[in-house]
2 protein chains.
Amino acid sequence: MKKIISKLNKAFDNKVRLGIMSMLMVNEWVDFKTLKEMLDLTDGRLASHIKSLEENKFIQVKKEFVGRKPLTSYSATVEGKKAFKDHLDGLEALLNIQH
Amino acid sequence: MKKIISKLNKAFDNKVRLGIMSMLMVNEWVDFKTLKEMLDLTDGRLASHIKSLEENKFIQVKKEFVGRKPLTSYSATVEGKKAFKDHLDGLEALLNIQH
DNA sequence: TAAAAGTACTTTGAATTACAAAGTTAATCA
DNA sequence: TGATTAACTTTGTAATTCAAAGTACTTTTA
């Protein structure tokens, strides 16, 4: 039990960050607006969670213009993918001991 | 994605509470000391998380004497089991979309 | 019989986290 | 010119988390 619990990463205990990382594991790049809509968040709330994931070096950012509009996109770093996978391993182990 | 995320319950975002509930899904009654050892916690930390789960009516308490020593045990309420199951369903759905 | 240890907490205080609401910048569209 | 879009940042408040210390009562040990 101690072993399982220790796999869980504090950076991913919040459901917004869990959702962001989940999106970025499945899609290489996801833009701000899509994340916002998929997770049903306000700008500020999304931005603050993105910031904390960036500070942990779990995601990276790309800014470009498409047509004439700015487009900010995010992707999980190698480090972020690894950390998230470890976290999911912990969750999976927890699911497995239920029943 | 919104649907998955909405299944996750704030009461279980902390890994200590995740661990406590997990123990109580698998074992009908677990005592204070065992929880403390299994989760590697200080008395105070365990007690505070237990308190929050009790306030949510997710666990119930039983106090007795065994031999001459006090023994406090906890078990998940029906409500607690349901809430935790829903949370695990959410986590499982999240695991499933990771490829 | 005095001191130490066991059981199960509670209290305090400080740090961190979370969030809503409002403000910002710079461009574009009507 | 005024509204809208895109992507934030700032502010302030509330909630959460935790370590550390304190409490109460009993039992064991020297």
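What you see below is based on every heavy atom in this structure, not just the backbone, and it leaves out hydrogens, waters and symmetry mates. Note on naming: letters A, B, ... go to the chains in the order of the sequence lines (proteins, then strands), and numbering restarts at 1 for each one.
Atom CZ in A:R45 sits about 17 Å away from atom C1' in D:dG12, given to the nearest Å. Rounded to whole Å, atom P of D:dA20 lies 17 Å from atom CG of B:L46. The distance between atom CD1 of B:I50 and atom P of D:dC18, rounded to the nearest whole Å, is 14 Å. Rounding to whole angstrom units, CD of residue A:E54 and C1' of D:dC8 are separated by 11 Å. For the pair B:R17 CZ and D:dT17 C1', the interatomic distance rounds to 9 Å; values are reported in whole Å. Rounded to whole Å, atom C1' of D:dA7 lies 16 Å from atom CG of A:L39. A:D31 places its CG atom 11 Å from the P atom of D:dC8, with the value rounded to the nearest Å.
Hydrophobic clustering keeps A:L71 apart from A:I50 (ILVMFWY residues linked when any side-chain heavy atoms are closer than 4.5 Å, directly or through intermediates).
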Inset, instruction - Dump the intermediate steps for side-chain contact (heavy atoms from CB on, under 4.5 Å) on A:E54 and A:V61, then the final yes or no. - result: CA-CA 8 Å; A:E54 265 188 84; A:V61 64; 3.9 Å; yes
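Regarding contacts with the backbone of D:dA7, every side-chain N or O of A:K51 stays at 4.0 angstrom or more from both OP1 and OP2. An OP1 or OP2 oxygen of D:dC8 is reached within less than 4.0 angstrom by a side-chain nitrogen or oxygen of A:K63. Applying the 4.0 Å criterion to OP1 and OP2 of D:dT17, one finds that B:N14 has a side-chain N or O inside that range.
Along DNA chain C, the nucleotide closest to A:V16 and the one closest to A:R68 are compared, and the more 5′ of them pairs with A:V16.
A:F84 and A:F12 have their aromatic ring centers within a separation under 6.0 angstrom.
Using a 4.0 Å heavy-atom distance criterion, A:K10 is classed as a sugar-phosphate-only contact. Within 4.0 Å of B:Y74, counting heavy atoms only, lie sugar-phosphate atoms of the nucleic acid but no base atom.
Along DNA chain C, read 5' to 3', the first and last nucleotides having any atom under 4.0 Å from a heavy atom of chain A are C:dA18 to C:dT28.
One finds no salt bridge joining B:K15 and A:D13 here, because no Lys/Arg side-chain nitrogen approaches an Asp/Glu carboxylate oxygen to under 4.0 Å. The residues B:K85 and B:D89 are annotated as not salt-bridged, no charged nitrogen and carboxylate oxygen being separated by less than 4.0 angstrom. Between A:K81 and A:E28, at least one side-chain N (NZ, or NE/NH1/NH2) sits under 4.0 Å from a carboxylate O, which counts as a salt bridge.
No more than 12 heavy atoms of other residues, nucleotides or ligands shown are found within 6.0 angstrom of NZ on B:K82.
Residues A:S52 and A:R17 meet the side-chain proximity criterion, which asks for heavy atoms closer than 4.5 Å.
At distances below 3.5 Å, not a single donor-acceptor pair connects side-chain atoms of A:S73 with backbone N or O atoms of A:W29.
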Protein-nucleic acid N or O pairs under 3.5 Å, nucleotides 2-6 of chain D:
residue	atom	partner	partner atom	Å
D:dA6	OP2	A:K33	NZ	3.2
D:dA6	O3'	A:P70	O	3.3

